[in-house]
Amino acid sequence: MTIRFVLFVNKQGQTRVAQYYEHLSLDERRALEGEIVRKCLARTDQQCSFVEHRNYKVVYRRYASLFFLVGVDNDENELAILEFIHLLVETMDRHFGNVCELDIMFHLEKVHFMLEEMVMNGCIVETSKQNILAPIQLMEKTS
């Protein structure tokens, strides 16, 4: 699996989380995010959750007021990425209790930590919610 980036975006198009697994300059990231977000937010609920953009395939899913966008290589399995997005949301739900945009904004370091536990160098390495959350719960115990 080759994930290139993960974005969390609200309905107004504001990026809440951006994690890249390939080098892009800030200007390239800003342009890419703007183009992809506009393209995904303009789509209706009846359209599929896969969009091809430049040399990426963008798989996205909307949960409440947040869009979770994952950019992958063109030969990647879209359904596996949808399952990854769902696992990510379920993991955050388990930790925060019905996660919302404010939880993500106020606990950004924990969200990035969860992503880092799940994805390493663009490859999904962990899918167990318990294993993903164990280091975070350990850190909370010690603080």
Side-chain angles (χ1 to χ4, degrees), residues 1-137 139-140 143:
M1 301 206 131
T2 327
I3 295 175
R4 299 300 178 185
F5 57 84
V6 176
L7 302 172
F8 300 178
V9 180
N10 67 11
K11 286 196 270 187
Q12 290 76 36
Q14 298 167 318
T15 302
R16 294 303 181 197
V17 174
Q19 181 74 41
Y20 289 85
Y21 299 100
E22 67 179 356
H23 176 72
L24 292 173
S25 71
L26 285 177
D27 290 335
E28 290 171 325
R29 289 179 183 192
R30 199 173 297 122
L32 179 68
E33 285 177 26
E35 293 166 6
I36 290 174
V37 167
R38 276 191 297 278
K39 192 178 266 193
C40 290
L41 292 180
R43 296 173 64 85
T44 65
D45 290 340
Q46 286 75 36
Q47 292 177 300
C48 75
S49 298
F50 318 134
V51 176
E52 291 193 7
H53 182 75
R54 294 189 192 172
N55 56 338
Y56 302 108
K57 185 184 297 181
V58 179
V59 181
Y60 69 94
R61 189 154 181 192
R62 180 179 165 207
Y63 286 91
S65 65
L66 281 176
F67 285 84
F68 294 80
L69 296 88
V70 179
V72 296
D73 292 333
N74 281 320
D75 58 348
E76 198 59 58
N77 182 342
E78 300 94 346
L79 297 178
I81 300 301
L82 276 175
E83 188 64 31
F84 165 73
I85 293 170
H86 188 68
L87 173 69
L88 179 60
V89 172
E90 281 185 335
T91 304
M92 288 188 294
D93 270 346
R94 181 178 285 185
H95 183 73
F96 297 116
N98 200 12
V99 68
C100 67
E101 185 177 349
L102 289 175
D103 290 324
I104 291 171
M105 289 171 55
F106 290 125
H107 302 285
L108 192 59
E109 70 285 348
K110 290 180 184 176
V111 174
H112 276 286
F113 197 87
M114 286 178 206
L115 270 173
E116 289 169 5
E117 285 291 312
M118 295 174 77
V119 181
M120 184 180 296
N121 214 19
C123 296
I124 297 173
V125 293
E126 185 60 72
T127 57
S128 165
K129 292 177 214 140
Q130 184 177 355
N131 290 347
I132 294 164
L133 293 175
I136 294 173
Q137 291 165 346
M139 286 187 326
E140 288 176 343
S143 61

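The chain is numbered in sequence order, starting from 1. Values below: all heavy atoms of this structure, side chains included; hydrogens, waters and symmetry mates excluded. Remember, predicted model here, so these are calculated numbers, not experimental data.
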Practice task
Tell me, yes or no, whether the heavy-atom count around Met139 atom CE, taken from other residues, nucleotides or ligands under 6.0 Å, exceeds 12.
Solution key: yes

Problem - Over 12 foreign heavy atoms within 6.0 Å of CD, Gln130 - result: no

Side-chain heavy atoms of [X] within contact of [Y], under 4.5 Å:
{"X": "Thr91", "Y": "Glu117", "answer": "no"}
{"X": "Leu115", "Y": "Val17", "answer": "yes"}
{"X": "Ile81", "Y": "Glu78", "answer": "no"}
{"X": "Leu69", "Y": "Val6", "answer": "no"}
{"X": "Leu82", "Y": "Leu79", "answer": "yes"}

Return yes if some donor-acceptor pair links the side-chain N/O of [X] with the main-chain N/O of [Y] below 3.5 Å, else return no.
{"X": "Arg4", "Y": "Glu22", "answer": "no"}
{"X": "Gln19", "Y": "His112", "answer": "no"}
{"X": "Arg29", "Y": "Leu24", "answer": "yes"}

Taking ring pair (Phe, Tyr, Trp, His ring centres under 6.0 Å) as the test, write out the residues that go with [X], two or more places apart.
{"X": "Tyr21", "value": "none"}
{"X": "Phe84", "value": "none"}
{"X": "Phe67", "value": "none"}

Could you list the residues that satisfy side-chain hydrogen bond (donor to acceptor under 3.5 Å, both in side chains) with [X], not counting sequence neighbours?
{"X": "Gln14", "answer": "Asn10, Arg16"}
{"X": "Glu90", "answer": "His86, Lys129"}
{"X": "Glu33", "answer": "Thr15, Tyr20"}

Please identify each residue that fulfils side-chain contact (heavy atoms from CB on, under 4.5 Å) with [X], with sequence neighbours left out.
{"X": "Phe96", "value": "Met92, Val99, Asp103, His107, Lys110, Val111, Met114"}
{"X": "Asp45", "value": "Arg62"}
{"X": "Asp27", "value": "Ser25, Arg30"}
{"X": "Leu102", "value": "Cys100, Met105, Phe106"}

Completion exercise
By salt bridge (charged side-chain N to carboxylate O under 4.0 Å, His left out), Glu35 pairs with (sequence neighbours left out) Arg54

Exercise for the section: Using the ring-ring contact (aromatic ring centres under 6.0 Å, His included) rule, collect all pairs that involve residues 32-61, keeping only residues at least two apart or in two chains. Expected result: Phe5-Tyr56

